[in-house]
Amino acid sequence: MTTSFVAAPTVAAHGDPVHRMRRVIPAVGCAVSAHALVDRDVLLWVQRSAITVLVLDDTGLDLVQSVSVRPNQVVFRTGDCPDSIRRAVHHGITRFIVGRQEHVDHLVEYARRTTFVYLAPGLPTVVPARRIVVVGLHGDIDACGTPTEWADAAEYALCRTAQARTLGTPAHRIVLSRSAGTVVPLSVERLDSIVRAVDEALRQGCARWRLARPAVTIAVL
């Protein structure tokens, strides 16, 4: 039988996934999709552990507001609708994944405090702006991505980190997550394989591009 991390009893029986991942990558962060919060046990685990929540659309934003997830736990991926960005900012969210310069421009318009952004694939850098701080890069993996594909995403993010450094935009964090709407949990064995693959990709990539090892967050749901 495949064991997953969805329910609190599973966490109790097999260990918090954060602890499992940190056996391989000591400082790794853990994230879940906002859509997974419809499961009460996942919600309680997130609230108890201060896990990062990835909000990928308006539905996810409505959900984190309705269940009172703290804004400082949320990373919001910007889309084509400026109103969604405005709503997220007004909710108190300060961490965003941006895919285009226009997203940054909207944040400049709406934000009244320092806002931290992760660059999505395809966005090498952004125009410097007041109160906007680039902190890292985001890597997107197919919903059924293999450990090798997770490793490839981590390696590509490191390559982008090296490129960003040459463009004057240092980035020290990487967030890796599956495609929008994915809430199927990773089994214990699959998560272990993914974390080991990502760790090896980080080790090799940092040596190849002479980079300090970045902080990495892996979305398990």
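Everything numeric here is computed off the predicted structure, so don't read it as measured data.
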Judged by modelled atom types alone, do Q65 and R87 share a side-chain donor-acceptor pair under 3.5 Å? yes
Between R213 and D199, does the salt bridge (Lys or Arg N to Asp or Glu O under 4.0 Å) criterion hold? Intermediate values first, please. CA-CA 10 Å; R213 188 179 177 109; D199 179 60; 2.4 Å; yes
L176 and side chain to side chain contact (heavy atoms under 4.5 Å, CB included): which single residue from L137, T217, D140, I141 fits? I141
Examine W150 and V24 and state if one hydrophobic cluster contains both, with Ile, Leu, Val, Met, Phe, Trp and Tyr joined whenever side-chain heavy atoms are less than 4.5 Å apart. yes
Using a 3.5 Å distance criterion without hydrogens, assess whether the side chain of T78 forms a donor-acceptor pair with backbone atoms of F76. no
Side chains of R70 and Q73: do they bring a donor and an acceptor to under 3.5 Å? yes
Apply the test side chain to side chain contact (heavy atoms under 4.5 Å, CB included) to residues F116 and V134: give CA-CA distance (whole Å), side-chain angles for both, the deciding distance (0.1 Å), then the verdict. CA-CA 6 Å; F116 306 96; V134 176; over 6 Å; no
Stepwise side chain to side chain contact (heavy atoms under 4.5 Å, CB included) test for N72 and T94: CA-CA 7 Å; N72 63 0; T94 59; 5.9 Å; no
Please identify which of these residues, R160, R208, R203, meets the salt bridge (charged side-chain N to carboxylate O under 4.0 Å, His left out) condition with E155. R208
What verdict does the side chain to side chain contact (heavy atoms under 4.5 Å, CB included) test give for V55 and V75, after you've listed the backbone C-alpha separation in whole Å, the side-chain angles of each residue and the deciding distance to 0.1 Å? CA-CA 6 Å; V55 174; V75 176; over 6 Å; no
Using modelled atom types only, decide if a donor and an acceptor are shared between the side chain of E149 and the backbone of T146 within a distance under 3.5 Å. yes
Does the side chain of H35 come under 3.5 Å of the side chain of T59 through a donor N or O and an acceptor N or O? no
Check whether more than 12 heavy atoms from other residues, nucleotides or ligands sit under 6.0 Å from atom CZ of R100, and answer yes or no. yes
